[in-house]
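Chain letters run A, B, ... following the sequence lines, proteins first and then strands; every chain starts at 1.
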Amino acid sequence: MPVKRRLLHVPAPTGDEAVTAICAVVRRIPKGWVATYGQVAAMAGLPRRARLVGRVLQRLDPSAAIPWHRVVNAKGEVSCSLSRNGSDALQRRLLESEGVEFDDKNRFDLERFRWLD
DNA sequence: GTTATGACTTCAC
DNA sequence: CGTGAAGCCATAA
């Protein structure tokens with residue numbers, strides 16, 4: 001075997017395929033519920049690619065009808081970052097308008113609001 | 001080619 | 001609880 005070959009090379013979706021899969025999952029999150037980045041990745045057939053989900057959401061076209069605000073991190077909080085330029089604050093506001101209650105530490109009860117398929 | 005940087009997650013202290 | 005490391009992978013420089 002002259003060529004080194006990846007065992008377990010499952011053709012995981014990449015590029016546009018992955019973006020499409022991720023968006024399809026996020027669109028299914030019901031109003032008033034949330035899903036974590038890792039959860040969305042797994043449901044999109046992209047295990048361990050939580051980071052990719054975050055990247056896709058950040059670059060989403062604003063005109064796309066995708067409830068990006070319903071995707072949160074595994075700690076049960078809105079991921080805050082300077083690079084978000086305020087969209088993190090907007091995310092919290094949108095979630096609160098859908099009934100998600102935050103505590104004084106910018107966190108909510110993940111067990112209570114997590115969307116289970 | 002390399003290194004650095006994240007809307008991340010998990011596990012070990 | 002907090003911190004750090006490792007795993008992860010697309011992008012930018």
Side-chain angles (χ1 to χ4, degrees):
Chain A
M1 288 355 137
V3 178
K4 222 184 228 179
R5 192 178 318 181
R6 238 177 252 243
L7 300 179
L8 301 180
H9 173 263
V10 178
T14 55
D16 294 336
E17 296 276 321
V19 173
T20 302
I22 289 170
C23 290
V25 171
V26 175
R27 260 191 296 261
R28 296 177 49 210
I29 306 174
K31 179 182 178 182
W33 296 82
V34 301
T36 67
Y37 295 94
Q39 182 184 350
V40 170
M43 292 172 96
L46 301 163
R48 283 172 251 99
R49 304 223 194 159
R51 250 178 151 134
L52 178 59
V53 174
R55 228 191 87 67
V56 168
L57 295 185
Q58 184 169 46
R59 305 194 51 153
L60 260 187
D61 188 312
S63 65
I66 293 177
W68 54 271
H69 57 279
R70 300 190 189 132
V71 183
V72 299
N73 68 29
K75 297 179 295 196
E77 61 188 10
V78 167
S79 289
C80 294
S81 169
L82 303 172
S83 65
R84 291 190 64 173
N85 196 41
S87 77
D88 39 11
L90 170 62
Q91 177 172 12
R92 169 167 174 169
R93 207 171 71 239
L94 289 172
L95 288 177
E96 286 179 315
S97 76
E98 293 187 351
V100 178
E101 302 160 13
F102 286 75
D103 64 13
D104 55 347
K105 290 167 191 158
N106 200 41
R107 308 199 320 156
F108 57 87
D109 189 340
L110 185 55
E111 292 304 293
R112 184 174 150 201
F113 294 105
R114 187 200 277 271
W115 170 50
L116 301 174
D117 193 24

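- Ranked by how close their nearest DNA chain C nucleotide is to the 5' end, A/Arg59 and A/Arg107 are led by A/Arg107.
- As a whole-Å value, the separation of A/Met43 CE from B/dT9 P is 15 Å.
- Between the P atom of C/dG7 and the CG atom of A/Leu46 lies a distance of 21 Å, rounded to the nearest Å.
- The residue A/Arg70 sits apart from the nucleic acid: no heavy atom pair falls under 4.0 Å.
- Of the candidates A/Glu77, A/Lys75, A/Arg92, A/Arg92 is the only one forming a side chain to side chain donor-acceptor pair (under 3.5 Å) with A/Asn106.
- Summarising the geometry, the separation between CG on A/Leu57 and P on C/dT11 is reported as 14 Å, rounded to the nearest angstrom.
- Nearest nucleotide to the side chain of A/Arg49, out of B/dA7, C/dC9, B/dC8: C/dC9.
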Practice task
Show your working on side-chain contact (heavy atoms from CB on, under 4.5 Å) between A/Val72 and A/Phe113 and close with a plain yes or no.
Solution key: CA-CA 11 Å; A/Val72 299; A/Phe113 294 105; over 6 Å; no
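- Enclosure of atom CG in A/Asp103 by more than 12 non-hydrogen atoms of other residues, nucleotides or ligands within 6.0 angstrom is indicated.
- Between C/dC8 and B/dG6, the two C1' atoms lie 11 Å apart (nearest whole Å).
- Looking at heavy-atom distances under 4.0 Å, A/Ser87 makes no contact with the nucleic acid at all.
- The distance from atom CG of A/Asn73 to atom P of B/dA7 is 12 Å, rounded to the nearest whole Å.
- At whole-Å resolution of the value, CD in A/Gln39 and C1' in B/dC8 are 13 Å apart.
- Where A/Lys105 and A/Arg51 meet DNA chain C, the nucleotide closest to each residue was compared, and A/Lys105 sits on the side nearer the 5' end.
- Not a single donor-acceptor pair, N or O on each side, falls under 3.5 Å between the base of C/dG7 and the side chain of A/Arg48.
- Under 3.5 Å, the side chains of A/Ser87 and A/Arg84 contain a donor-acceptor pair of N or O atoms.
- For the atom pair A/Leu57 CG and A/Arg70 CZ, the distance stands at 12.5 Å (nearest 0.5 Å).
- One can place CG of A/Asn106 at 15 Å from P of B/dA7, the figure rounded to the nearest angstrom.
- Taking only side-chain nitrogens and oxygens, A/Ser83 never comes nearer than 4.0 Å to OP1 or OP2 of B/dG6.
- Rounded to whole angstrom, the span from the OH atom of A/Tyr37 across to the P atom of C/dA10 amounts to 18 Å.
- Here A/Arg55 lies in heavy-atom contact (under 4.0 Å) with sugar-phosphate atoms only.
- For the C1' atom pair drawn from B/dG1 and C/dA13, the interatomic distance equals 13 Å after rounding to whole Å.
- Summarising the geometry, the separation between CD on A/Gln58 and P on B/dT5 is reported as 16 Å, rounded to the nearest angstrom.
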